[in-house]
Amino acid sequence: FHPSNRSVMGFEPNYDESKIPEYTLPDPLVTQSGSPVTTAEQWNTVRRPELLALFEKHVYGVSPPPCPIRRKHVSSKTVFDGLATRTEIDVLFGSADDATSMRMMVYVPKQRAGAVPAFLGLNFQGNHGVDDDPEIELNPGWFRVGRDGTTDGNKANEKSRGATASRWPLQMILKRGYAVATIYYGDIDPDFDDGFNNGIHGTLGDQVAHVAPESRWGSIAAWAYGLSRGLDCLEAETDLGIDAAKVAVLGHSRLGKTALWAGATDPRFAMVISNNSGCGGAALSRRAIGETVGRINEAFPHWFCDQFTEYNENEDACPVDQHELIALAAPRPIYVASATEDQWADPKGEFLAAAAADPVYRLLGTDGMGGDAPPAKMPAAEQPINSGVVGYHLRTGKHAVTDYDWQQYLDFADRHMKDGR
Ligand code: GTR
């Protein structure tokens with residue numbers, strides 16, 4: 001994100017808490033018809049499906065039903081001085097000749113007693129941007145123009161090798177006993193507004209023809225759909241040594257929004273991690289601070305469904321808010337992370353959303369954010385809240401994924417995805 005973008009189209013973000021409009025959050029534990037939800041069964045059979053449908057209709061759009069995947073092995077190699085096996089697999093969406101394909105790159109620690117838990121996340125700059133090994137093919141697809149000379153036009157160049165390696169501390173993760181799988185998000189749907197023709201919007205789009213046009217899947221929903229097909233692949237590839245019942249879906253920024261939607265729509269994900277996801281992710285839309293619904297729809301008209309534009313400068317009219325997206329992961333562990341210098345993403349709104357999801361987690365028999373009730377106040381930086389199944393931290397620094405963030409995710413995963421803990 002370029003700070004200069006903040007003023008494009010005349011938008012001046014508000015960062016003043018005192019100028020936040022008065023708002024009331026929709027209650028996740030009251031149905032649209034006004035009935036209180038007081039049992040886990042009512043949540044699971046009535047309110048959860050209702051909320052999912054509302055998010056589809058009003059925010060992310062309706063995706064096609066899962067398509068069968070085809071898998072083609074590309075390579076397998078021992079890397080990092082014997083620490084791990086890296087496998088590349090092309091995953092094709094459906095059986096059509098022109099099926100879209102995405103390349104999943106998977107690292108599995110060699111030293112392991114049995115199948116290991118894994119993190120699955122999309123990346124921004126290609127698999128070759130995650131690690132600079134020249135044997136990883138330079139992704140030939142469409143790329144956003146890089147800030148630092150990593151693209152020529154919309155093509156990745158050699159400078160993009162390892163460009164996002166700091167966000168993917170592979171060896172640290174592998175040494176902790178976890179596998180990592182990643183996919184370039186542009187393989188699934190290139191990140192520009194093309195009228196929903198390229199990527200899986202084009203090849204699978206006829207399957208949402210029955211849906212009202214304003215509620216058809218946007219790009220975030222398409223990327224989330226790709227994550228689910230990635231999980232299909234991990235389930236099928238039993239020889240990799242990954243326990244597909246213990247896969248955490250994670251993402252940063254727009255891909256954090258995507259991870260949250262993937263976790264909401266696909267209950268097979270054992271854990272959900274949102275890193276600096278902001279507006280349309282973990283941050284409450286009704287606070288209208290930093291990036292707003294109106295700004296995001298104007299700048300990225302392809303991310304959400306068209307219906308979401310109804311809530312530009314009109315957040316109160318939306319029947320859902322983002323705490324309910326977090327609640328859709330319940331009772332599975334979820335972790336929301338913010339950064340102090342990322343006010344655009346509204347750290348406080350991310351914290352408040354996690355806290356407002358807590359009652360759903362407690363209704364489902366977990367301890368939510370831990371203790372008897374969620375903390376009333378946002379924690380200081382580097383004071384993670386991680387004793388319950390809803391984790392949160394504020395990190396000092398910029399909009400990024402750092403080793404500090406990963407250390408918290410690994411500790412949280414140790415608690416919830418490792419046997420005997
Ligand atoms: C920004 C956008 C944010 C966030 C970010 C990113 O331009 O306003 O919502 O998604 O991009 O994905 O890097």
Side-chain angles (χ1 to χ4, degrees), residues 1-15 59-60 121-126 129-130 142-148 150-151 160 163-164 166-168 182-186 188-193 218-224 226-227 249-262 273-305 308-309 311-313 315 321-322 325 336-350 353 395 397-402 405:
F1 168 72
H2 294 265
S4 59
N5 282 355
R6 288 185 188 169
S7 55
V8 298
M9 299 165 288
F11 177 79
E12 282 299 333
N14 169 45
Y15 289 115
V59 184
Y60 303 103
L122 302 178
N123 65 69
F124 280 93
Q125 282 188 277
V130 170
W142 186 94
F143 282 75
R144 290 191 297 146
V145 173
R147 276 168 239 180
D148 31 23
T150 53
T151 49
S160 62
T164 54
S166 69
R167 290 179 180 175
W168 298 92
T182 187
I183 302 157
Y184 172 52
Y185 80 134
I188 303 163
D189 182 34
D191 191 1
F192 63 95
D193 183 15
S219 290
I220 290 173
W223 299 324
L227 282 166
V249 63
L250 94 164
H252 169 60
S253 207
R254 69 196 67 182
L255 301 179
K257 311 180 208 295
T258 303
L260 288 165
W261 185 233
I273 300 168
S274 152
N275 192 93
N276 306 182
S277 63
C279 180
L284 294 172
S285 299
R286 278 168 175 72
R287 278 170 50 84
I289 192 165
E291 187 173 34
T292 61
V293 172
R295 169 58 173 74
I296 205 168
N297 280 325
E298 232 177 307
F300 306 102
H302 56 298
W303 285 2
F304 301 89
C305 68
F308 197 43
T309 61
Y311 313 113
N312 293 355
E313 325 309 330
E315 296 84 0
D321 209 323
Q322 300 304 107
L325 177 65
V336 174
S338 314
T340 54
E341 290 172 41
D342 188 20
Q343 295 299 320
W344 181 241
D346 187 16
K348 188 169 177 191
E350 297 191 314
R395 163 182 58 73
K398 291 193 189 345
H399 186 67
V401 194
T402 68
D405 295 319

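Just so you know, ligand 1 is whichever comes first in the structure, and atom 1 is the first atom listed for that ligand.
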Item to check | Geometric class of the F304/Y60 ring pair [parallel <30°, tilted 30-60°, perpendicular >60°] | outcome: tilted
Next on the checklist: Between D191 and W142, do the side chains contain a donor N or O and an acceptor N or O under 3.5 Å apart?
Outcome noted: no
Checklist entry - Have T309 and N297 got a donor and an acceptor in their side chains that come within less than 3.5 Å? => result no
Item to check | Numbered atoms of ligand 1 (with element) below 4.0 Å of W303, judged on heavy atoms | outcome: 9 (O), 10 (O)
Item to check | Pairing of E341 and K398 as salt bridge, 4.0 angstrom limit | outcome: yes
Next on the checklist: Heavy-atom contact check, 4.0 Å cutoff: does K257 meet ligand 1?
Outcome noted: yes
Checklist outcome for this item: To the nearest 0.5 Å, atom CH2 of W344 lies from atom CD1 of I296 at 8.0 Å
Checklist outcome for this item: Logged contact type for R254 with ligand 1, heavy-atom cut-off 4.0 Å, is both
Next on the checklist: For a side chain to side chain donor-acceptor pair (under 3.5 Å) check, start with the C-alpha distance between T164 and Q125, then their side-chain angles and the critical distance, and finish with the verdict.
Outcome noted: CA-CA 7 Å; T164 54; Q125 282 188 277; 4.9 Å; no
Checklist entry - Which atoms from ligand 1 have a heavy atom of S253 less than 4.0 Å away? => result 4 (C), 5 (C), 6 (C), 10 (O), 12 (O), 13 (O)
Next on the checklist: I need the contact type for H252 against ligand 1. Using non-hydrogen atoms and a strict under-4.0 Å cut-off, is it side chain, backbone, both or neither?
Outcome noted: neither
Checklist outcome for this item: A student checking ligand 1 against H399 at a 4.0 Å heavy-atom cut-off should list atoms 13 (O)
Checklist entry - Purely on distance, is any nitrogen or oxygen of W344 under 3.5 Å from one on ligand 1? => result yes
Checklist entry - Considering only heavy atoms, does I296 approach ligand 1 within less than 4.0 Å through its side chain, its backbone, both, or neither? => result side chain
